[in-house]
Amino acid sequence: ERPAQDRVEAARALGRLRRMTLIYAVAFFLANPFAMLVSGHGHALFEAVAAWLPGTLSILGSLAFYAWLRWGRVSPTTALNLGLGWMVLGCYGIAFAQYWNMVPWIAEQGAAAQHIGLSWVAVFVLCFTVVVPNTTRSSLLAALVGCSSVLVVLLGGEAYWQVDLELTPGMIVGGLVLPYVIVSAMAAYSAHVVFHLGREVARARRAGNYELQERLGVGGMGEVWLAQ
C-alpha cells in the first residue's frame, strides 16, 4: 500500500513542480527585464552581457526543464530529485541577476552588509520546499547548496571586478552564512511537514484496496464517493 501511495503523491508533486518552473520563469521575467523596461532603465540591460545573460539563461533553462518534465519520459520520483538540482541552479540564477553587476557599486558604498540584506534566493527556497516537498535530508542539502549562491556570487564578483567588499569574517558569518542556514533549516522542516502530511492524506483517501477519487454526494446516512 505504501509504495502505491508514494507513487500517487509523487505524481501530484510532479504536477506542482511543472507549475513551479513556469512561475519561476514568469516571475524572473517580471522582476528583471520587464521591470527595467517599464521603469525606463531598459538601456542598462544592454550595457554589458552580465546584465542580461543570467536572467536570460535562467528563464530559458526553466522553460526547457518544464518542457522536459511535460513531454519527456521520466518517472515522477526521478523528476522530483532532479527538481532539487533545478532549484539549486535557480538560486544561482537569482543571485547572479541580483548581485553580480552590483558588486562594484556595493564596494564603492562601503559597509557591504548594509547594502546586501536577505536575497530573493531565500524566498525561492522556502516557496519551493513547500510547494514541491521532498525528504527532509534531501531538502536540507539542496537548500544549503542553493543558499550558498549569494556568498559564492559576491566573492566571485569581488575577484572578477577586482574590488574589495571589505567583508570581515563576522560580516560573512552573521550576514551571509547564518541567515541562510536558518532559512535552510526552515525550508527542510517545512518540507518534512508537507511531505509527511501528503502521505497521511494519501493514506486517508484509501478504503481497503480502493482509492477515493471524488465525492459524489452527501446524505443523512453518510457520503457517496467515486473510488478506483
Side-chain angles (χ1 to χ4, degrees), residues 1-28 62 65-66 68-70 72-94 118-150 178-219 221-228:
E1 180 180 347
R2 180 174 293 273
Q5 293 172 354
D6 291 346
R7 287 195 297 270
V8 171
E9 180 57 28
R12 293 186 178 127
L14 176 57
R16 295 194 296 269
L17 175 58
R18 287 198 297 261
R19 290 189 289 272
M20 192 71 182
T21 59
L22 291 179
I23 292 172
Y24 177 91
V26 172
F28 212 123
S62 184
F65 189 54
Y66 168 82
W68 182 73
L69 292 173
R70 180 69 177 82
R73 295 182 178 180
V74 58
S75 68
T77 302
T78 301
L80 292 178
N81 291 331
L82 292 176
L84 292 175
W86 171 78
M87 184 197 75
V88 172
L89 293 177
C91 289
Y92 272 84
I94 294 172
L118 202 61
S119 169
W120 283 102
V121 168
V123 178
F124 176 56
V125 168
L126 287 172
C127 289
F128 183 90
T129 52
V130 171
V131 176
V132 192
N134 208 306
T135 61
T136 307
R137 181 180 299 179
S138 298
S139 298
L140 177 60
L141 179 60
L144 288 171
V145 176
C147 286
S148 70
S149 60
V150 176
L178 184 59
Y180 292 101
V181 170
I182 295 174
V183 168
S184 299
M186 293 171 60
Y189 179 72
S190 300
H192 171 80
V193 172
V194 178
F195 184 78
H196 288 280
L197 180 61
R199 283 186 167 182
E200 294 298 324
V201 170
R203 185 179 298 111
R205 289 178 63 89
R206 296 192 66 85
N209 294 327
Y210 295 90
E211 181 181 356
L212 303 180
Q213 299 289 329
E214 180 183 359
R215 188 171 68 177
L216 301 177
V218 180
M221 300 295 292
E223 301 178 350
V224 178
W225 283 75
L226 174 65
Q228 182 177 6

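What you see is a predicted model, and the numbers here were worked out from it, not measured in a lab.
- Heavy-atom minimum distance, S149 versus C91: OG-O, 3.5 Å.
- The heavy-atom pair separating G146 from V88 by the smallest distance is N-CG2, 4.2 Å.
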Show the numbers, then the answer: is there a side chain to side chain contact (heavy atoms under 4.5 Å, CB included) between F124 and M20?
CA-CA 10 Å; F124 176 56; M20 192 71 182; 4.1 Å; yes
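- Note that the SG atom of C147 and the CG atom of L126 stand 7.5 Å from one another [nearest 0.5 Å].
- With sequence neighbours excluded, no residue satisfies ring-ring contact (aromatic ring centres under 6.0 Å, His included) with Y180.
- Shown here are the side chain to side chain donor-acceptor pair (under 3.5 Å) partners of T136, two or more places apart in sequence or in another chain: H192.
- Of all heavy-atom pairs spanning L80 and L14, the tightest one is CD2-N, 4.0 Å.
- Ring geometry for W86 versus F128: interplanar angle of 30 to 60°, hence tilted.
- For the residue pair Y92 and S148, the shortest heavy atom distance occurs at OH-OG, 3.3 Å.
- Not a single side chain to side chain donor-acceptor pair (under 3.5 Å) links Y66 to another residue, sequence neighbours left out.
- A heavy-atom distance below 4.5 Å is found between the side chains of F28 and I94.
- Residue-environment remark: CH2 (W68) exceeds the threshold of 12 foreign heavy atoms within 6.0 Å.
- The side chain to side chain contact (heavy atoms under 4.5 Å, CB included) test with L17 is passed by exactly one of L82, V132, V131, L84: V132.
- Separation of atoms OH (Y24) and CG (L89) is listed at 8.5 Å; rounding is to 0.5 Å.
- In terms of heavy atoms, V74 sits closest to A79 at CG2-N, 3.9 Å.
- Considering every non-hydrogen atom in both V130 and S190, the closest pair reads CG2-CB, 3.7 Å.
- S62 places a side-chain N or O within donor-acceptor distance of the main-chain N or O of T21, the cut-off being under 3.5 Å.
- We find the OG1-CG distance between T135 and L141 to be 9.5 Å, quoted to the nearest 0.5 Å.
- Looking at heavy atoms from C-beta onward, S139 lies out of side-chain contact with M87 at the 4.5 angstrom threshold.
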